[in-house]
Protein chains: 2
Amino acid sequence: MKETKQEIIDAAISVLNADISAPLDFIAAKAGVSRRTLHRYFSSREELLGACAQDMMLTWQKAMLVAYNSTRDPIEQLEQMLYAGIDCGVKYAFLNKLRDHVDQELLQAVPDKQYEQARDKWFRRVPGLQRKGIISRALPAPWIKALFTGMITTTIEALRSGDVAPNKIKELAWHSFSKSIGIGHQQG
Amino acid sequence: MKETKQEIIDAAISVLNADISAPLDFIAAKAGVSRRTLHRYFSSREELLGACAQDMMLTWQKAMLVAYNSTRDPIEQLEQMLYAGIDCGVKYAFLNKLRDHVDQELLQAVPDKQYEQARDKWFRRVPGLQRKGIISRALPAPWIKALFTGMITTTIEALRSGDVAPNKIKELAWHSFSKSIGIGHQQG
DNA sequence: GACAAATGTCACAATGTTGTGACATTTTAA
DNA sequence: TTAAAATGTCACAACATTGTGACATTTGTC
């Protein structure tokens with residue numbers, strides 16, 4: 001059986017993702033636990049928020065590193081990183097929101113530098129790949145980064161809506177994302 | 001000078017988009033108005049939420065219809081609809097969230113059918129365009145729809161982050177979106 | 001079963017949020 | 001200028017949320 005503390009964190013991420021100000025009652029209910037128990041693990045809302053942020057970052061970071069190290073081919077690295085991002089699921093969408101609401105001190109403990117390491121390492125290669133014509137030269141690097149994170153949230157949203165078959169969705173996501181940044185084109 | 005009521009709605013959409021449970025004080029402050037005045041226009045939080053939903057839907061609907069009617073070419077229609085979606089800005093991202101929080105009765109008054117009219121009219125043509133090879137046949141229609149809304153939020157997020165030049169962003173969005181659904185490919 | 005750890009239930013104070021009334025002040029339009 | 005409309009300020013009650021203590025109940029382990 002899972003640790004209660006982790007279950008509360010997971011519930012919190014899920015609930016707070018929909019409503020960052022949701023009462024602790026909702027989070028406790030989602031975790032199948034009384035509010036009193038929640039408070040035994042997290043003395044305050046602020047502390048819970050911080051734990052969520054830390055949990056998310058570690059999850060994300062680990063997944064990205066595994067993906068990045070799974071191959072030497074940059075295109076395959078990107079594909080694996082996209083899949084890893086999708087697998088992180090709803091947790092990912094929550095990440096940006098938290099930055100506005102969590103006391104920054106609570107995030108200091110997290111190895112923030114490492115967290116972005118894998119993805120950023122990859123994105124520093126973008127100009128080189130563009131020179132080789134592998135990625136469209138028409139697209140600025142920050143836009144490519146935006147498309148990457150955007151495709152993850154798009155995919156998660158599509159999954160949540162239930163309109164797209166789940167077993168095909170990663171394939172679709174990579175297909176569309178790779179095309180959107182010009183992979184597979186011959187552009188001299 | 002703008003109507004106070006509309007200013008409050010705009011402020012509410014902006015604030016609630018970041019935090020659906022944000023106190024009315026924040027909304028009033030954003031609107032440059034006292035909380036008491038806010039309550040003179042909206043007797044309850046619920047009523048304000050409903051007004052936001054209605055306002056958004058009408059804005060979105062009008063923009064889509066204008067875009068749709070601006071040309072007969074389906075590809076150009078799609079391009080214009082994407083631009084219209086981006087122009088609706090932060091308002092759009094709010095729309096889905098509201099569906100979970102607003103009493104559905106308050107949305108009944110809105111011509112919901114019409115709201116989706118233009119976009120849905122377009123998306124019903126997708127199979128035909130796929131048969132002609134204009135859009136990739138590998139992509140299910142719901143996924144294309146997800147990509148459309150996803151590209152809008154991606155673009156808005158990129159704008160908000162400040163990492164991508166605003167004057168080029170619509171162009172980038174259309175470039176990447178059209179590629180992501182297979183427009184411009186020769187696929188037999 | 002017996003014991004310890006974890007959890008639940010209830011009560012409670014402190015604080016935050018909402019919605020309203022009364023009245024002062026400012027803005028608008030004639 | 002003046003009267004009406006709009007807004008601001010303050011006070012207030014009702015309600016929601018948070019965090020904690022005291023004690024009962026359940027769960028896991030020997």
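Residue numbering restarts at 1 for every chain, and letters A, B, ... go by the order of the sequence lines.
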Under 4.0 Å from OP1 or OP2 of D/dA6: is there any side-chain N or O of B/Thr4 that close? no
Short side-chain N/O contact to D/dT7 OP1/OP2 from B/Tyr41, under 4.0 Å: yes
In whole Å, I'd like the distance from the [atom1] atom of [X] to the [atom2] atom of [N].
X: B/Ile8; N: D/dA6; atom1: CD1; atom2: C1'; result: 11 Å
X: A/Leu38; N: D/dT17; atom1: CG; atom2: C1'; result: 13 Å
X: B/Glu3; N: D/dA5; atom1: CD; atom2: P; result: 15 Å

Measure the spacing between CG of B/Asp10 and OG1 of B/Thr59 and express it to the nearest 0.5 Å. 8.0 Å
Other residues, nucleotides, ligands: >12 heavy atoms within 6.0 Å of A/Gln6 CD: yes
With a sphere of 6.0 Å drawn around CZ of B/Phe26, does it hold more than 12 non-hydrogen atoms of other residues, nucleotides or ligands? no
Are the side chain of [X] and the backbone N or O of [Y] linked by a donor-acceptor pair below 3.5 Å?
X: B/Gln80; Y: B/Tyr68; result: no
X: B/Asn69; Y: B/Leu65; result: yes
X: B/Ser180; Y: A/Ser176; result: no

Heavy atoms under 4.0 Å is the rule here; annotate nucleotides 9-18 of chain C 5' to 3' with B where the base is hit, S where only the sugar-phosphate is, and - elsewhere. B-------SB
